Amino acid sequence: MSARAMTLSNDSFFQQFDLTSEAETASLGARIAKFLRVGDTITLAGTLGAGKTVLARAIIRHFLPAEEVPSPTFTLVQTYETPAFSISHIDLYRVKARSEVRELGLDEALERGVLLIEWPDRMGDLLPVDRLDIVFEGVEDDETRILKLIGRGSWAPRLRELGR
């Protein structure tokens, strides 16, 4: 796993990770999980099969190692209760309108826990400003993934720390 970093502004920080296996993706997920706290939003953007659910699963399993973590593509939201807080894993792939997003009760879920949101583009301006955005990019071979992380607001200093 290799990484590059840069400050974008006073309240945002960029970190790129080049991952060569699913195990490295899971390892990064466990590292991210150590920085989570109530009220956090993590967005996961990328094409189908890019590794979004693999990373979300690793974050959840950091807190609940034996937990079955299916993709929430059809349920839209799967909630997990950890000893510290709840984690809502959200997949908005099938959502067609922002009104559908409002019906999911994400504001209430954020008050008591963490949101992991796949396909965040479906939310538009409903996304919290303070968040960690993760963009998955594939490269020519099937295994290597480039993950671009942008820490906004309170995530900027945590992302700096994560890269150390």
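The shown structure was predicted, so the numbers you read here are calculated from the model rather than taken from an experiment.
Using a 4.5 Å cut-off between side-chain heavy atoms of Ile, Leu, Val, Met, Phe, Trp and Tyr, with links allowed through other members, I117 and V95 fall into the same hydrophobic cluster. Cluster annotation: L76 and I42 are assigned to distinct hydrophobic clusters (Ile/Leu/Val/Met/Phe/Trp/Tyr, side-chain heavy-atom contacts under 4.5 Å, transitive). In this structure, Y80 is a member of the same hydrophobic cluster as I32, with clusters built from ILVMFWY side-chain heavy atoms closer than 4.5 Å. Transitive grouping of hydrophobic side chains (ILVMFWY, heavy atoms separated by less than 4.5 Å) brings L162 and I87 into a common cluster. Using a 4.5 Å cut-off between side-chain heavy atoms of Ile, Leu, Val, Met, Phe, Trp and Tyr, with links allowed through other members, L116 and I90 fall into different hydrophobic clusters.
Looking only at distances, no side-chain donor or acceptor of D130 sits under 3.5 Å from a matching main-chain atom of G153. Of the possible donor and acceptor atoms, one in the side chain of K52 sits under 3.5 Å from a partner among the backbone N and O of T47. Here the side chain of R145 pairs a donor or acceptor atom with the backbone of A50 at under 3.5 angstrom. Judged by distance alone, the side chain of R131 and the main-chain N or O of T41 form no donor-acceptor pair under 3.5 Å.
Between T53 and S71, the shortest heavy-atom distance links the atoms OG1-OG, 4.0 Å. The shortest non-hydrogen separation linking L19 to E24 is CA-OE1, 3.3 Å. In plain terms, the two heavy atoms of D125 and R98 that are nearest each other are OD1-NH1, 3.4 Å. Closest approach of L55 and T25 over heavy atoms only: CD1-O, 3.4 Å. When all heavy atoms of K96 and Y93 are compared, the pair lying nearest together is NZ-O, 4.2 Å. Annotation for L92 and W119: closest pair CB-O, 3.6 Å, computed over non-hydrogen atoms.
Proximity of L36 to F85: side-chain heavy atoms (C-beta onward) are separated by under 4.5 Å at one or more points. Residues E118 and H89 have side chains in contact (heavy-atom distance under 4.5 Å, counting atoms from C-beta outward). Side-chain contact between E81 and T79: present, with at least one pair of heavy atoms (C-beta onward) separated by less than 4.5 Å.
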Can you give each donor-acceptor pair under 3.5 Å made by side-chain atoms of residues 58-65, sequence neighbours left out, with the distance rounded to 0.1 Å?
from: R61; atom 1: NE; to: E67; atom 2: O; distance (Å): 3.0
from: R61; atom 1: NH2; to: E67; atom 2: O; distance (Å): 3.4

For residues 101-115, which side-chain N or O atoms pair as donor and acceptor with protein atoms under 3.5 Å away, sequence neighbours left out?
from: R112; atom 1: NH1; to: E108; atom 2: O; distance (Å): 3.3

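Heavy atoms of other residues, nucleotides or ligands lying less than 6.0 angstrom from CD of E100 number more than 12.
Separation of atoms CD (Q78) and CZ (R57) is listed at 11.0 Å; rounding is to 0.5 Å. Annotation: the span from Q16 atom CD to E137 atom CD amounts to 7.0 Å, rounded to 0.5 Å.
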Exercise. For R94 and T73, run side-chain contact (heavy atoms from CB on, under 4.5 Å): C-alpha distance rounded to whole Å, both residues' side-chain angles, the deciding distance at 0.1 Å, then the answer.
Key: CA-CA 7 Å; R94 298 182 323 121; T73 300; 4.2 Å; yes
Exercise. Starting from the C-alpha separation in whole Å, work towards a yes-or-no answer on side-chain contact (heavy atoms from CB on, under 4.5 Å) for L159 and L132.
Key: CA-CA 8 Å; L159 185 55; L132 175 61; 4.2 Å; yes
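Taking the centre and axis of the six-membered ring of W155, the NZ or CZ atom of R158 falls inside the cone set by 45° and 6.0 Å.
Residues satisfying the side chain to side chain donor-acceptor pair (under 3.5 Å) test with S21, not counting sequence neighbours, are none.
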